[in-house]
Amino acid sequence: MTDEPQRAIIEEEDLWSWIDSDEQEPGEPAIEPTAVTAVMVVHDAAEWLPRQLLSLARLTPRPGRLIPVDTGSADNSSLLLSRAAAEGVLDAVLTLGPDITFGEAVNRALEGTRPDWIWLLHDDSAPRPDTLGRLLDGARQTDIVVPKLLEPKRRNYPETLSEVGIAMTRSGQSVSLVERGDIDQDQTEPRDVLGASTAGMLVRGETWRELDGIAPEVERHRDGVDLGWRANAIGYRVMTWPQAALTHRRAGHTGERPHERHPHEDDRLAALRVAGSRGATTFGLALASLGRTLGFLLAKSPAHAGAELRAFGRYLRSGQETRALRKRLPREDLTPAELVPGRFVPARQAIDRLGAGIMERYRDFADSGTSIDELTGDEFAGGQRSARVFNPTMVLVVVFALASIAAGRTLFSGDPVSGGGLLLPPGSLAAAWQAYLTG
């Protein structure tokens with residue numbers, strides 16, 4: 001009789017044993033950190049490089065080798081790297097010219113070596129101390145591991161999501177897989193993706209060598225998406241691993257890093273080449289660029305509109321780069337169809353964000369307050385509520401509509417609309433457009 005209750009307790013404990021166990025791919029051995037070669041590309045990063053180097057010094061575990069590549073920095077980034085190498089944070093410092101691409105810099109750092117795993121780092125992507133260890137846990141299940149990228153933390157604010165993998169339509173439109181700016185609550189799960197930023201990406205060495213690394217035809221921001229897409233096309237697996245996190249400053253996108261061109265120009269040019277190499281027609285890309293240009297103008301961003309047009313012009317003049325990128329693709333594309341979003345997905349996401357913003361503003365205006373009992377789930381909080389017969393917001397809208405009809409009744413009678421408070425109309429379309437831009 002005494003054995004039955006004890007057996008029941010043991011069985012109950014076994015039912016909940018999965019909580020404390022880490023799910024690992026059966027039969028896959030653990031990957032040693034010494035098998036990893038980390039390459040960090042640096043360019044004019046003196047403002048945030050000290051914090052980046054401090055994050056690398058705190059890594060536990062550390063990679064087998066950590067090599068920074070300084071691509072012709074005009075500030076004192078090279079001095080900071082030399083000091084870090086002298087202190088043992090870095091293994092060596094490689095200095096190259098300013099015109100070299102990210103992929104070429106990584107290839108130069110890896111010359112003469114065949115590492116089992118390659119960890120790509122930006123100079124503005126600070127890893128957490130356990131980032132590499134967690135990435136290696138995910139590497140047991142896939143060929144390319146994508147970490148979670150977070151926005152720089154603001155004082156007294158929680159950390160927010162920046163990116164956990166990214167997709168791209170065949171027309172070159174980016175599709176985020178998370179709601180950028182959402183509070184990070186570990187709500188994302190590992191999943192297969194098309195590609196991602198190269199910031200913090202961990203790539204199996206065999207996969208890197210078969211793909212011939214990052215394509216130099218894809219400039220800056222879309223190189224990780226192209227790399228992941230080519231890996232999927234061959235049959236390799238690209239997987240997010242949100243347990244590993246880096247804080248990504250995105251200095252190139254925000255304009256903190258000095259550059260002679262608008263950041264959107266290189267980004268859009270890379271997207272056009274990736275789309276063109278995968279079958280998108282020049283006519284279709286031209287219509288898409290024209291529509292985006294009009295959208296930027298309506299959003300009062302002539303700088304982005306000009307960058308959009310310049311990117312398309314450079315795309316037309318560089319057909320050889322697109323053809324070279326197309327030659328890197330296999331004859332049979334094995335990319336899972338569910339990883340490539342449809343052409344209308346970006347528009348649907350934009351409409352959803354717009355609707356969510358409108359509803360949030362309406363909720364802030366309409367809500368009169370929430371009691372602590374309601375927040376704690378007391379079903380008797382506030383007593384019985386009755387629905388309001390008249391919605392104040394709708395009443396206000398109706399009053400404004402009636403007032404507008406009454407004020408504009410002379411528009412249909414032929415009489416001129418006049419008043420001492422009306423401004424004179426612009427003399428030309430150009431003057432009207434300039435008045436619109438200046439607000």
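Numbering starts at 1 and runs along the sequence shown. Owing to the predicted nature of the structure, the values given are computational and were not obtained by experimental measurement.
- Atom CG of Leu53 is separated from atom CZ of Arg83 by 11.0 Å, given to the nearest 0.5 angstrom.
- A side-chain donor-acceptor contact under 3.5 Å links Arg230 to the backbone of Leu211.
- Using modelled atom types, one finds a donor on one side chain and an acceptor on the other under 3.5 Å when comparing Tyr236 with Glu210.
- Side-chain N or O atoms of Ser73 include none that pairs as donor or acceptor with a backbone N or O of Ser77 at under 3.5 Å.
- A donor-acceptor distance shorter than 3.5 angstrom exists from the side chain of Ser55 to the backbone of Arg51, with no hydrogens or angles considered.
- Note that CZ of Arg323 is 15.0 Å distant from CZ of Arg328, once rounded to the nearest 0.5 Å.
- Between Ala275 and Ser171, the closest heavy-atom pair is CB-C, 3.8 Å.
- Under the 3.5 Å distance criterion, the side-chain polar atoms of Thr281 are matched with a main-chain donor or acceptor of Gly284.
- Residue pairs meeting the ring pair (Phe, Tyr, Trp, His ring centres under 6.0 Å) criterion with at least one member in residues 119-146, sequence neighbours excluded: Phe102-His122, His122-His248.
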Intermediate values then yes/no, side-chain contact (heavy atoms from CB on, under 4.5 Å), Asp184 and Lys148: CA-CA 10 Å; Asp184 177 33; Lys148 173 175 60 181; 3.2 Å; yes
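- A distance of 10.5 Å separates CG in Asp124 from CG in Leu246, rounded to the nearest 0.5 Å.
- The side-chain heavy atoms of Gln141 and Trp241, taken from C-beta on, include a pair separated by under 4.5 Å.
- To the nearest 0.5 Å, atom CG of residue Leu81 and atom CG of residue Leu49 are 5.0 Å apart.
- In this structure, the separation between CG on Leu294 and CD on Glu308 is 10.5 Å, given to the nearest 0.5 Å.
- For the pair Ile214 and Leu120, the minimum side-chain heavy-atom distance is below 4.5 Å.
- Within the 3.5 Å criterion, the main-chain N or O of Ser289 finds a donor-acceptor partner in the side chain of Thr293.
- A salt bridge does not link Glu217 to Arg273: none of the charged nitrogens lies less than 4.0 Å from a carboxylate oxygen.
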Under 3.5 Å, side-chain donor or acceptor atoms of residues 152-166 against the rest of the protein: list the pairs with distances, not counting sequence neighbours.
residue : atom : partner : partner atom : Å
Lys153  : NZ   : Tyr157  : O            : 2.8
Glu159  : OE1  : Arg128  : NH2          : 2.7
Glu163  : OE2  : Ser197  : N            : 2.9

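- Contact detail for Leu325 and Val218: the closest heavy-atom pair is CD2-CG2, 3.8 Å.
- The closest donor-acceptor contact from the side chain of Thr113 to the backbone of Pro115 lies at 3.5 Å or more, if one exists at all.
- Side-chain atoms of Trp117 and Val203, non-hydrogen and from C-beta on, never get closer than 4.5 Å to each other.
- Looking at Asp333 and Arg278, no side-chain N of the basic residue comes within less than 4.0 Å of a carboxylate O on the acidic one, giving no salt bridge.
- When all heavy atoms of Leu150 and Ala245 are compared, the pair lying nearest together is CD1-CB, 4.2 Å.
- Across all their heavy atoms, Pro336 and Asn232 have their closest contact at CD-OD1, 4.1 Å.
- Not counting sequence neighbours, the partners of Phe296 by the ring-ring contact (aromatic ring centres under 6.0 Å, His included) test are His264, His304.
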Test side-chain contact (heavy atoms from CB on, under 4.5 Å) applied to Val178 and Thr188, step by step: CA-CA 8 Å; Val178 295; Thr188 53; 3.8 Å; yes
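- No donor-acceptor pair under 3.5 Å is formed between the side chain of Arg108 and the backbone N or O of Leu94.
- Heavy atoms from other residues, nucleotides or ligands lying under 6.0 Å from CD of Gln187 number more than 12.
- Looking at Leu177 and Val193, their side chains come closer than 4.5 Å, going by heavy atoms from C-beta outward.
- Contact of the Leu316 side chain with the Thr282 side chain is registered, since non-hydrogen atoms from C-beta on lie closer than 4.5 Å.
- Between Asp70 and Ser78, the shortest heavy-atom distance links the atoms OD2-CB, 3.3 Å.
- Around CZ of Arg261, the count of heavy atoms belonging to other residues, nucleotides or ligands within 6.0 Å exceeds 12.
- The structure places CG of Leu136 at 6.0 Å from CG of Leu202, a figure rounded to the nearest 0.5 Å.
- Ion pairing between Arg222 and Asp266 fails under the 4.0 Å rule for side-chain N and carboxylate O.
- Within a 6.0 Å radius of CD in Glu338, more than 12 heavy atoms belonging to other residues, nucleotides or ligands are found.
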side-chain contact (heavy atoms from CB on, under 4.5 Å) between Glu256 and Trp48, intermediate numbers included: CA-CA 10 Å; Glu256 292 181 271; Trp48 53 85; 4.1 Å; yes
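- What you find for Ala231 and Ile144 is that their closest heavy atoms are CB-CD1, 3.8 Å.
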Test log, rule side-chain contact (heavy atoms from CB on, under 4.5 Å), inputs Leu227 and Val225: CA-CA 5 Å; Leu227 180 68; Val225 178; over 6 Å; no
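- Side chains of Leu66 and Val89 form no contact here, defined as non-hydrogen atoms less than 4.5 Å apart.
- Two residues are said to be in side-chain contact when any heavy atoms from C-beta on lie closer than 4.5 Å; Leu96 and Val69 meet this criterion.
- For the side chain to side chain contact (heavy atoms under 4.5 Å, CB included) with Ser125, the lone residue among Gln52, Arg249, Arg250 that qualifies is Gln52.
- For Glu104, the side-chain hydrogen bond (donor to acceptor under 3.5 Å, both in side chains) partners two or more places apart in sequence, or in a different chain, are Thr101.
- A distance-only check finds no donor-acceptor pair linking the side chain of Asp226 to the backbone of Val274 [under 3.5 Å].
- Looking only at distances, a side-chain donor or acceptor of Asp143 sits under 3.5 Å from a matching main-chain atom of Arg237.
- In this structure, the side chain of Arg62 engages the main chain of Leu56 through a donor-acceptor pair within 3.5 Å.
- In this structure Glu151 satisfies the side-chain hydrogen bond (donor to acceptor under 3.5 Å, both in side chains) test together with Arg180, sequence neighbours excluded.
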Only pairs under 3.5 Å count here: list side-chain donor-acceptor contacts from residues 37-47, not counting sequence neighbours, and write none if there are none.
residue : atom : partner : partner atom : Å
His43   : ND1  : Thr71   : O            : 2.7
His43   : ND1  : Thr71   : OG1          : 3.3
Asp44   : OD1  : Ala74   : N            : 2.6

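- Residues Trp229 and Val340 meet the side-chain proximity criterion, which asks for heavy atoms closer than 4.5 Å.
- Taking the charged nitrogens against the carboxylate oxygens, Arg314 and Glu265 do have a contact shorter than 4.0 Å, which makes a salt bridge.
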